[in-house]
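Only one structure is covered here, and it is reproduced in the block below.
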There are 2 protein chains.
Amino acid sequence: MRKRLSDTVEDYLKMIYKLSADTERVGTGQIAEALEVSPASVTDMFQRLANENPPLLDYIKHQGVKLTNEGRKIALEILRHHRLLELFLHEVLGYSWDQVHAEADRLEHVISEKFEERVAVVLGDPQRGLHGEPIPNRNLEMPDHPTSYLHDMRPEQRGVIHSVSDDDPGFLRFLKTQGLVPGAEFSVVDFSPYDNNLRLQVNGQDQEIVLGASVTAQLKVEIKNAS
Amino acid sequence: MRKRLSDTVEDYLKMIYKLSADTERVGTGQIAEALEVSPASVTDMFQRLANENPPLLDYIKHQGVKLTNEGRKIALEILRHHRLLELFLHEVLGYSWDQVHAEADRLEHVISEKFEERVAVVLGDPQRGLHGEPIPNRNLEMPDHPTSYLHDMRPEQRGVIHSVSDDDPGFLRFLKTQGLVPGAEFSVVDFSPYDNNLRLQVNGQDQEIVLGASVTAQLKVEIKNAS
DNA sequence: ACAATAATTTAGATTAGTCTAAAATATAAT
DNA sequence: ATTATATTTTAGACTAATCTAAATTATTGT
Ligand SMILES: [Mn+2]
Ligand SMILES: [Mn+2]
Ligand SMILES: [Mn+2]
Ligand SMILES: [Mn+2]
């Protein structure tokens, strides 16, 4: 039995995990920005979590933090809850894909292991969330998944939308109108170097679409090998 | 939009509502006992809730509190959440009737109005909870329900179990083995004045059973008119 | 290499919810 | 009607999580 952690602590760990995809260490300012709290609050929390027993963070002054194995386990636990819940809200309670995130963000801290397990069974042990994200398995191992963004693709390349940023309902509704859902195949037809706009042809859509960097940086893709 | 209240505040209001079934005003000590906090903490909370805008409690020093209409609405809201959730956990996720309470006690504070509504629809707008309790309707009106306890019945009387105290898993499992579930009909065959034991014949059970006051005081009954 | 700027940390304060110990008040008993 | 007991309230303190303002440390540009 692990000590009961506050929602706040769980949110910090989850966010540190997410931002660790990009950089080895995560800085005070990044977390302050992402969680919308002051940098001073973040420093305080970093210190507290690094002094926990066992430590949840590896903290070096002025250089930010790295999750310990303990801390990562907790982050993955919460992420599993979140993604199972989103799917559950959609499949069982009929939420639309832009409505699930906010509800899951609260419930993820509150459900028991039993609830998690029952939901997983009802859903048939899914490996991917409603927005395409990989779901950590029962042992909290994260399945392999692509790490490229649409943002970095160039003309001639073909790909499949893997997963999309899920926290902005308006953005999600927009994506759906454009057919940009996980599994959608597309090819890049043009690139504008100054604004980083990409022109795409999405399979099944009759019009080509042009997307700015603020959109393309939110879409993870699997890049198809040229055949 | 009502201001977001803490889980703690919601628990106080819910408990005050429950204890108000017996006495007009609820005292400091009763709540301290029920919520397992010190009397000093309760006094503090009584004062804070009475000074809210609008006030959630009507507090008179040394005489305890009464819910205001505002306070009652919140208590009923949480109670509706709790009872819908218990039923949902049982029907949809396969929890047994002794396992639902603890989970619902945490989730009740966290689900949105939308979640509540979807669950109500999935369950077919139930009027009674898994342990027989009345469920406040969408407008937070509590349906009519009996207020007698098995404890106060006497030989010759017949009755139906209406609802049972739901917070002790062991107690709930015991009740099930005795056939003492909501809807069960029975007749009182004997009463022992010194220990308040009651001997019952429960319909469908072959053995008569003897129940002490600590059991009979936990069972709400509908008393059948002699016919 | 050194000053200017940016990021981070420390210091001190605040709020909700809790506690223990002491003071005040109400209830019960003689 | 006093006294004894039980209950409630007040006073003062603690923790988690936050803030602002000031101090410190890093980074960057010249
Ligand atoms: Mn999400
Ligand atoms: Mn879990
Ligand atoms: Mn319950
Ligand atoms: Mn509600």
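A note on names: the letters A, B, ... follow the listed sequences, proteins ahead of strands, and every chain is numbered from 1.
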Under 3.5 Å donor-acceptor pairs involving side-chain atoms of residues 139-154 of chain A, not counting sequence neighbours:
unit_1	atom_1	unit_2	atom_2	d
A/Glu141	OE1	A/Asn137	ND2	2.9
A/His145	ND1	A/Pro143	O	2.9
A/Arg154	NH1	A/His151	O	3.3

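- Proximity of B/Gln47 to the phosphate of D/dT10: a side-chain N or O atom is located under 4.0 Å from OP1 or OP2.
- The side-chain hydrogen bond (donor to acceptor under 3.5 Å, both in side chains) pairs that include a residue from residues 213-222 of chain B are B/Ser165-B/Gln218, where partners are two or more places apart or lie in different chains.
- Taking a 4.0 Å limit (strictly below) on heavy-atom distances, residues 8-31 of chain B reaches DNA chain D at B/Thr28, B/Gly29.
- Judged as a side-chain contact (heavy atoms from CB on, under 4.5 Å), and not counting sequence neighbours, the contacts of A/Asp125 are A/Ala120, A/Arg138.
- Legend: residues meeting side-chain hydrogen bond (donor to acceptor under 3.5 Å, both in side chains) with A/Asn53, ordered by chain and number and at least two apart, are absent.
- Separating the CG atom of A/Leu57 from the C1' atom of C/dT8 is a distance of 16 Å, rounded to the nearest angstrom.
- For the pair B/Glu52 CD and C/dA16 P, the computed distance is 9 Å after rounding to whole Å.
- The side-chain contact (heavy atoms from CB on, under 4.5 Å) check on A/Gln63 picks up A/Arg25, A/Ile60, with sequence neighbours excluded.
- Contacts of B/Phe46 with the nucleic acid, taken as non-hydrogen atoms under 4.0 Å apart, are absent.
- Within residues 33-45 of chain B, the residues having any heavy atom under 4.0 Å from DNA chain D are, by residue number, B/Pro39, B/Ala40, B/Thr43.
- Just one of B/Val164, B/Leu175, B/Ile161 meets the side-chain contact (heavy atoms from CB on, under 4.5 Å) condition when paired with B/His131; it is B/Val164.
- Remark: C1' of D/dT15 and CZ of A/Arg4 are 16 Å apart, rounded to the nearest angstrom.
- With sequence neighbours excluded, no residue satisfies side-chain hydrogen bond (donor to acceptor under 3.5 Å, both in side chains) with B/Asn51.
- When rounded to the nearest whole Å, the span between CD of A/Gln63 and P of D/dA26 equals 8 Å.
- Within the structure, every side-chain polar atom (N or O) of B/Arg48 is placed at least 4.0 Å from both OP1 and OP2 of C/dA16.
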Indicate every side-chain donor-acceptor pair of residues 26-40 of chain A with a distance under 3.5 Å to a residue at least two apart or in another chain.
unit_1	atom_1	unit_2	atom_2	d
A/Gln30	OE1	A/Gly27	N	2.9
A/Ser38	OG	A/Ser41	N	3.2
A/Ser38	OG	A/Ser41	OG	3.0

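- Every side-chain contact (heavy atoms from CB on, under 4.5 Å) that A/His109 has, sequence neighbours left out, goes to A/Asp7, A/Glu10, A/Asp11, A/Ile78.
- No more than 12 heavy-atom neighbours from other residues, nucleotides or ligands sit within 6.0 angstrom of CD on B/Gln127.
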Give me, pair by pair, the N or O atoms of the protein and of nucleotides 23-29 of chain C that are less than 3.5 Å apart, along with how far apart they are.
none

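- Applying the salt bridge (charged side-chain N to carboxylate O under 4.0 Å, His left out) test to every pair with at least one member in residues 94-110 of chain B, sequence neighbours left out, gives these pairs: B/Lys14-B/Asp105, B/Lys14-B/Glu108, B/Asp98-B/Arg173, B/Glu103-B/Arg106.
- Using a 4.0 Å cut-off, no side-chain N or O of B/Tyr59 falls inside it from OP1 or OP2 of D/dT8.
- For the pair A/Asp7 CG and D/dT18 C1', the computed distance is 15 Å after rounding to whole Å.
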